[in-house]
Each structure stands twice: as C-alpha cells, then as structure tokens.
Amino acid sequence: MNTRRTFLKNGVAVTAGLAMSTMSCSGNRKEQKKRSKKPKVISTWNHGIPANEAAWEILSNQGTALDAAEKGVMVVEADPKSTSVGYGGLPDRDGNVTLDACIMDHLGNAGSVSFLQSIKHPISVARKVMEETPHVMLVGDGALEFALSQGFQKEELLTEESKKQWEKWKVESEYMPAINSENHDTIGMICQDQDGNLSGSCTTSGAAYKMYGRVGDSPIIGAGLYVDNDHGAAVATGMGELMLKTLGSFLVVELIRQGASAQEACEAAIQRIVDKLDYKSFQVGYLAMDKAGNTGAYAIHPGFNYAEMIDGNNQLIDSRSFIK
Ligand code: ASP
C-alpha cells in the first residue's frame with residue numbers, strides 16, 4: 001500500500017535520483033529527462049478531439065497556451081450535444097443549468113466562476129475574473145452580474161433534448177451518478193505553447209440532477225485544475241466530491257514537483273482516493289502534463305480517455321485505471 005510515508009520516501013528518492021542524474025550528465029543534455037515536442041495540448045474525454053483542434057489552431061500559430069486553453073474548451077461549451085458542459089448541459093434536479101469553470105495561466109494567475117446561469121461560455125467569464133478583477137472566484141448572481149457588465153449575453157442553456165432527459169429522470173427522481181456517463185463529462189484541458197509555458201482550463205455543467213446550489217471540483221483551483229509553470233499541470237474529471245476531499249489536481253502537480261513523473265503522480269492521487277474514501281461506485285480521472293511535456297493519466301475505473309494533439313496529430317488515448 002502506498003502510504004503517505006512511503007510516497008514521501010519514494011518522492012525523496014526520486015528527487016534525489018533526478019538531482020544525481022542531472023549532476024552526472026551535466027554537459028550532456030541528451031541524457032536528461034525526455035522532452036516531448038512543443039506545442040502540445042491534451043484534454044479529457046472524446047469531446048477533447050474537437051477542443052484540441054481549436055486549441056491547436058492557436059498554438060501552431062505562435063499563440064499562447066492561455067488563449068488556446070480558453071478557445072479550445074469553448075468548442076465544447078457551445079455544443080448542444082455535449083450534455084455535461086455549457087449549452088445543453090443537463091440541469092440540476094429542479095431544471096436549472098448551473099455552470100462551473102476555471103482557468104489558470106503560466107504566471108500562476110487564476111480565475112473561476114461557479115453556480116453561473118444563463119451564460120454560454122463560463123470559461124471566458126472565468127478568464128475575465130482573472131484579468132479584470134482583484135479576485136479569483138465569483139459565484140451565482142455575482143458572477144452573472146459581472147458577466148453582463150463585461151458584455152456577455154444571457155441565453156437559455158436548457159435545450160429541448162436536455163429538458164426531455166431531465167423530465168424522464170424526474171419520473172423516478174433517483175440521484176445516482178453514473179460512471180463514464182456517455183463517455184464524456186467535464187472538459188479539462190492543458191496546453192503548452194511554443195515558449196514552453198503551461199496553462200489550463202476546466203468547464204462543466206457539473207453532476208446531472210445535482211442538488212440546487214451544488215458545486216463540484218471543476219471551478220475550485222487545486223481540485224479541478226492546477227498549473228505550476230515550473231513543474232506541470234493537472235485537470236480532473238468525474239465525481240467532484242472525491243477530488244474536493246483530496247484537492248486532487250494540486251496533489252498531482254505537487255507530486256510532480258517532488259519528482260514523480262506525470263503518470264506516477266496521477267496514479268498516486270487516485271491511490272489517495274482509494275486509500276481514504278468510498279470510491280467503488282464513482283469514477284475519477286486525472287490528466288497531467290509535466291514541464292517537459294510528458295503526459296500522465298489514471299482513473300479509478302476503466303473507460304476514461306483523453307485526446308492528445310502533438311505535431312498536428314490528434315488522437316484519443318485510453319487511460320489506465322486502478323480497477324482493471
Ligand atoms: N467533475 C464534475 C463535477 O463533479 C463532473 C464530471 O466531471 O463528471 O461537477
């Protein structure tokens with residue numbers, strides 16, 4: 001079992017190992033940790049494919065990781081067929097579509113909105129919070145008021161299709177979060193631009209048929225998303241309560257900072273959930289990229305996948321999982 005003590009021990013060993021290998025191969029850069037090509041974008045689930053295309057358009061034209069991370073996930077926010085993000089998102093149990101999103105740049109700036117209604121692109125409002133206010137997070141009516149003051153328009157986000165699904169659900173009204181529902185959920189994206197800078201974004205309509213007012217991990221810096229430009233970035237998807245209780249994305253990046261690979265860090269953060277929480281009926285997936293562009297992904301259950309785009313090639317990759 002990977003206890004805190006053993007991980008810290010391993011972490012120290014890995015860190016010491018890295019320091020030694022850097023010392024022993026100084027002057028011979030080829031032997032240092034393998035570096036992936038820049039730019040690069042990764043994002044959660046199969047809706048990551050079109051999102052990556054939009055991000056790539058920016059990254060391959062010398063754009064910034066921040067612009068790419070915003071514009072990439074906006075594709076999914078606008079897609080009515082994506083019933084877990086933005087426009088067309090499944091509502092709470094009372095029929096309200098309430099959205100959560102956050103964004104972080106390479107300077108450590110962060111912006112977030114939560115429990116936001118009637119605005120199609122919460123990620124862009126989160127960016128405005130980051131850039132135009134002295135705050136990190138705005139919620140509910142305050143977030144809506146701010147969005148309107150910034151020129152965003154109010155729109156009906158509950159589509160006929162999502163309304164139909166909600167009405168069907170109301171017959172039984174049983175709240176039962178489904179593992180890998182429809183094979184896509186929150187979109188979390190990490191971009192690395194030509195300059196090697198990292199930024200990330202995360203946007204969702206949250207758990208379908210949640211209680212009115214429920215907020216998950218996605219808008220919480222450190223739970224749904226964390227970026228440390230010196231070391232790496234991580235995003236999360238799945239049952240937000242588990243990431244909230246373990247501050248999962250921060251944990252992944254912190255483990256990378258201590259010397260773990262992106263893959264080891266995702267696995268250790270899932271292990272933390274498995275060790276501490278009732279995890280069996282819930283899905284959680286972590287996706288991470290270290291500063292060298294190496295990626296990692298790990299989930300509790302099989303079924304989590306992510307899209308990776310590098311050199312103009314966009315592919316869907318199955319994540320490994322704790323339960324096989
Ligand atoms: N993490 C999101 C939440 O709990 C939902 C998801 O990714 O499925 O709100």
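Each ligand, and each atom within it, is numbered from 1 in the order the structure gives.
- Of all atoms in ligand 1, listed by their number and element, those nearer than 4.0 Å to a heavy atom of D185 are 6 (C), 7 (O), 8 (O).
- The residue among L244, I220, D217, V284 with a heavy atom at the shortest distance from atom 1 (N) of ligand 1 is D217.
- The existence of a salt bridge linking E131 and R127 is confirmed by a sub-4.0 Å separation between a basic side-chain nitrogen and an acidic carboxylate oxygen.
- Below 3.5 Å of separation, one finds an N or O of R214 facing an N or O of ligand 1.
- For Q283 and H301, the side-chain atoms include no donor-acceptor pair closer than 3.5 Å.
- At least one N or O atom of G238 sits closer than 3.5 Å to an N or O atom of ligand 1.
- The shortest N/O to N/O separation between M239 and ligand 1 does not fall below 3.5 Å.
- Cluster note: L138 groups with V113, L116, I119, V125, V129, L144, F146, L148, F152 through ILVMFWY side-chain heavy atoms spaced under 4.5 Å, whether in direct contact or through intervening members.
- For ligand 1 and A207, the ligand atoms under 4.0 Å from any heavy atom of the residue are 9 (O).
- Of the candidates V85, T44, T186, the one placing a heavy atom closest to atom 7 (O) of ligand 1 is T186.
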Which side-chain N or O atoms in residues 217-228 pair as donor and acceptor under 3.5 Å with protein atoms at least two apart or in another chain?
unit_1: D228; atom_1: OD1; unit_2: D230; atom_2: N; d: 3.0

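- Remark: ligand 1 and T204 share no N or O pair separated by less than 3.5 Å (distance only, no angle test).
- Ion pair D92/K210 not flagged as a salt bridge, since none of the NZ, NE, NH1 or NH2 atoms sits closer than 4.0 Å to an Asp/Glu carboxylate oxygen.
- Using a 4.0 Å cut-off between heavy atoms, S218 contacts ligand 1 through its side chain alone, with no backbone atom that close.
- Remark: R272 does not engage E267 in a salt bridge, criterion side-chain N to carboxylate O under 4.0 Å.
- With ligand atoms numbered from 1 in the order given, ligand 1 contributes 9 (O) to contacts under 4.0 Å with heavy atoms of G206.
- Cation-pi contact between K170 and W166: present, with separation from the ring centre below 6.0 Å and deviation from the ring axis of at most 45°.
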